[in-house]
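Scroll down for the structure; my scribbles are underneath it.
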Amino acid sequence: MSSYLSGLNPPQREAAEHFEGPLLVLAGAGSGKTRVLTSRIAHLIDEYGVDPSAILSLTFTNKAAGEMRERVRTLLGRDPGGMWIGTFHAIGVRMLRRDATRAGWTPGFLIYDADESESLIRRIIRDQLALDPKRWTPRVVRGAISSAKNELVGVQEYTEHALDPFTRTVAQVYERYQRALRDANAFDFDDLLVKPVELLRAHPDVLRRYRERFQFVLVDEYQDTNHAQYVFIKLLAGEHSNLFVVGDDDQSIYGWRGADLRNILDFEKDFAAARLVRLEENYRSTKRILEAANRVIAENTRRKGKTLHTANDAGERLTLVEAADEADEATWIVGEIRARLANDAALGARSFVILYRTNAQSRALEEALRREALPYRIVGGTRFYERREVKDVLAYLRLVANPAADEAFLRIVNVPRRGIGDASVARLAEWATQQGGPLLPAAVRAAEIPGIRGGAERALPVLAEMIEKHAALAGHGVALDEVLRQLVRETGIAQMLRDEGPDGEERLANLEELVAGAADLQARVDAGDPELLAELEEVGGTELRAIDLFLAHVALVADIDQHDPGADAVSLMTLHNAKGLEFPMVFLAGMEEGLFPLSRAYDEPEQLEEERRLFYVGITRAEQKLYLTTARRRRRGAEWLDAVPSSFIESVPGELLETRQTPRVQDRFSGSRPWRSAAISSQPRRRTRLGLEAAPPPVDPGYQVDYADSQDAPRLIKGARVRHPQFGVGTVAELSGAGVDVRATIEFDEVGLKKVVVRYANLQSEWE
DNA sequence: TCAACTGCTCTTTTT
DNA sequence: GAGCAGTTGA
């Protein structure tokens with residue numbers, strides 16, 4: 001037996017040793033799936049003599065890809081040169097670089113992030129279609145287009161099936177949107193999955209090339225694949241079907257992104273003679289934590305079904321904490337971390353993670369950590385590449401790389417302020433459209449454009465020249481970091497930030513970090529980094545510059561990729577970001593109805609199951625100790641809401657739990673029954689004025705109730721005719737949710753089906 | 001008339 | 001943070 005397999009348990013070994021044909025590894029949380037994947041790759045190469053370049057390994061984060069490559073390297077004692085390991089998106093980019101021209105793009109294409117896609121869509125709705133962006137929300141339209149793409153529904157097919165007003169409008173936007181992307185030599189995020197599929201489908205020679213090359217295809221987190229990714233995998237693994245996928249249906253948490261649970265549930269139907277291996281032994285958590293996880297997930301119906309077991313100790317009971325509000329919750333958590341650190345020398349700040357459902361929850365936690373001077377790291381939230389100053393400089397760089405990048409031009413045309421306002425930009429855009437060209441070249445000729453005068457007339461050509469100058473620098477082999485440094489200086493961004501005071505200094509420091517990142521990449525290019533060279537070589541004879549690689553890199557890295565487990569700091573992140581990670585001590589904050597599960601998930605049983613899987617993911621991050629914390633009052637947006645503990649907690653058997661109250665809760669609510677029994681066990685229901693079932697706020701004498709103004713909510717019943725300020729008149733088709741979260745699905749006469757939050761929607765009766 | 005600024009709104013989760 | 005409405009100042 002090869003050394004790569006020693007130490008694996010029998011099912012792990014069975015999976016890692018597998019040679020030919022499709023295999024699904026149903027890997028429970030903490031069952032050593034990364035080990036199986038890496039052992040398998042090493043085994044394929046060293047024991048079966050497979051050429052590394054015949055292996056394609058697909059992941060969902062760069063972090064997972066990087067770790068996998070690193071571990072394989074360690075196992076083999078050398079670099080598995082030629083092997084492709086990367087995210088679906090990165091692999092897609094690689095394929096598109098090589099064959100972009102076949103699709104009508106050039107290899108230096110740009111990648112539009114969600115914001116750029118949205119602003120492009122907004123412009124199409126407002127300027128090209130002359131529609132009201134309030135009525136046709138760009139966000140929603142983008143979502144519809146994105147879903148269509150993930151289902152591999154192209155413009156033509158979408159248009160053919162667009163029957164109601166909403167989809168008909170989306171179809172129009174979709175068509176123009178794709179054209180605009182093409183004109184800007186850009187792909188959006190979804191295109192990075194869709195276009196490679198189109199490429200493989202439309203060009204048999206390309207498909208043959210990759211099929212012959214990749215004899216072994218591995219997919220991590222298979223439960224997160226959407227339809228486009230499924231087809232991509234199926235195309236590549238077509239004939240040999242040496243497809244090895246690893247996943248856990250219970251950890252599928254990306255349904256909203258198009259992930260299709262059917263891919264994993266139906267794997268054995270989709271791939272003939274597929275084998276199935278279950279990894280049900282957990283090496284991560286204590287018995288109590290695992291028991292809680294098993295009980296929670298058992299409530300779900302759509303699953304393959306497996307029960308994890310562990311040889312680990314029983315461990316401590318789970319702790320359920322009641323706090324007065326989110327500040328109290330944060331204070332208690334931080335105090336508990338302090339106490340644990342003081343009592344156990346084996347623990348460091350890095351042993352703790354605080355998980356939450358929404359990014360907004362990080363604020364209170366952050367404040368408490370800062371007050372207590374505990375080092376912490378937020379993973380996610382406003383990510384580095386989403387900071388204003390970083391996006392501004394990157395927009396300049398995109399423009400330098402590609403003069404047709406209109407979105408980038410619009411972002412920076414007046415940043416810093418140079419006297420070019422909306423009116424001038426509108427004239428410029430109008431003129432450019434007439435000429436059928438992009439904005440930057442039009443700016444050079446500002447003097448010829450009617451209506452552009454004064455400051456703007458002078459500033460536009462200056463801006464254009466400055467960008468052209470840098471494009472020339474980049475074209476003449478000036479190092480990327482140098483180009484960036486000059487851009488920061490000569491655009492005036494540096495000065496602008498310095499004038500903003502201490503905040504600006506911090507932003508400037510971020511830009512230095514960005515420049516350092518560029519220097520890193522430039523150094524790798526100069527030193528002939530083998531991985532990078534291989535990538536460039538794959539692309540063939542095309543000329544690809546460091547600037548293109550850099551822009552692709554910043555578009556594709558996720559924040560989780562930057563998570564450094566070595567740093568001694570408490571981690572804060574969303575539950576979504578926590579997948580794949582493990583920590584000795586885990587806090588799940590904000591375990592309240594409406595927050596977790598999020599109220600929006602009540603509409604569909606399927607969505608509620610996904611929230612429950614998210615809870616399951618959270619529980620199974622913990623090695624030794626799990627805390628569930630709740631607050632009695634929580635701010636949501638501008639108002640304070642009374643909170644009820646999450647119904648998810650009910651599935652955790654009482655004997656696994658100990659319940660605690662923070663001092664503030666004990667003070668304020670002394671004598672009141674434990675909350676759990678009052679609020680959860682009986683959870684009385686009542687009829688509201690809306691005619692809906694809703695849980696009442698917890699009743700506590702002397703407790704201030706700032707419940708939403710339910711008196712002002714209109715009386716809604718199914719079938720009622722209502723008027724909405726934007727969408728016009730419509731008929732209530734469906735009501736869902738409870739209390740302040742009541743939502744109505746309304747069939748509007750003009751815009752079709754829409755779902756609105758009743759509290760915000762400002763509905764009136766048809767006659768008003 | 002245009003640019004700049006101020007204050008208001010909304011923000012689930014992310015490759 | 002981004003869009004938008006309304007206001008101020010040139």
For [X] and [Y], which I'm curious about, is there any donor-acceptor pair between the side chains at under 3.5 Å?
| X | Y | result |
| --- | --- | --- |
| A/T629 | A/E329 | yes |
| A/Y222 | A/D248 | no |
| A/Y112 | A/E407 | no |

What does [X] touch in the nucleic acid at a heavy-atom separation under 4.0 angstrom: a base, only the sugar-phosphate, or nothing?
| X | answer |
| --- | --- |
| A/N62 | nothing |
| A/Y254 | sugar-phosphate |
| A/R123 | nothing |

Is any side-chain nitrogen or oxygen of [X] closer than 4.0 Å to OP1 or OP2 of [N]?
| X | N | answer |
| --- | --- | --- |
| A/N577 | B/dT14 | yes |
| A/R600 | B/dT12 | yes |
| A/R411 | C/dA2 | yes |
| A/T574 | B/dT14 | yes |
| A/N359 | B/dT14 | yes |

Can you figure out which of [options] approaches the side chain of [X] most closely?
| X | options | result |
| --- | --- | --- |
| A/P133 | C/dC4, B/dT12, C/dG1 | C/dC4 |
| A/K391 | C/dG3, B/dT12, C/dA2 | C/dA2 |
| A/R388 | C/dG1, B/dT13, C/dG3 | C/dG1 |

Q. A/F596 and side chain to side chain contact (heavy atoms under 4.5 Å, CB included): which partner among A/T630, A/L355, A/L575?
A. A/L575
Could you tell me how far apart [X] ([atom1]) and [N] ([atom2]) are, to the nearest whole angstrom?
| X | N | atom1 | atom2 | value |
| --- | --- | --- | --- | --- |
| A/L588 | B/dT13 | CG | P | 17 Å |
| A/L595 | B/dT11 | CG | P | 15 Å |
| A/K579 | B/dT14 | NZ | C1' | 11 Å |
| A/I253 | B/dT14 | CD1 | C1' | 10 Å |

Q) What is the minimum heavy-atom distance between A/A631 and A/E326, and which atoms define it? A)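 Here A/A631 and A/E326 meet closest at CB-N, 4.0 Å.
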**Q.** A/R613 NZ/CZ over A/Y616 ring centroid, <6.0 Å and within 45° of normal
**A.** no
Measure all distances between protein nitrogen or oxygen atoms and nitrogen or oxygen atoms of nucleotides 1-6 of chain B, and list the pairs falling under 3.5 Å.
from  : atom 1 : to     : atom 2 : distance (Å)
B/dC2 : OP1    : A/R427 : NH1    : 3.1
B/dC2 : OP1    : A/R427 : NH2    : 3.0
B/dA3 : OP1    : A/G421 : N      : 3.0
B/dA3 : OP1    : A/S424 : OG     : 2.6
B/dA3 : OP2    : A/A423 : N      : 3.2
B/dA3 : O5'    : A/G421 : N      : 3.4
B/dA4 : OP1    : A/G419 : N      : 3.2
B/dA4 : OP2    : A/N414 : ND2    : 2.8
B/dC5 : OP2    : A/R417 : NH1    : 3.1

Q) Salt bridge or not for A/R388 and A/E500, using N-O below 4.0 Å? A) yes
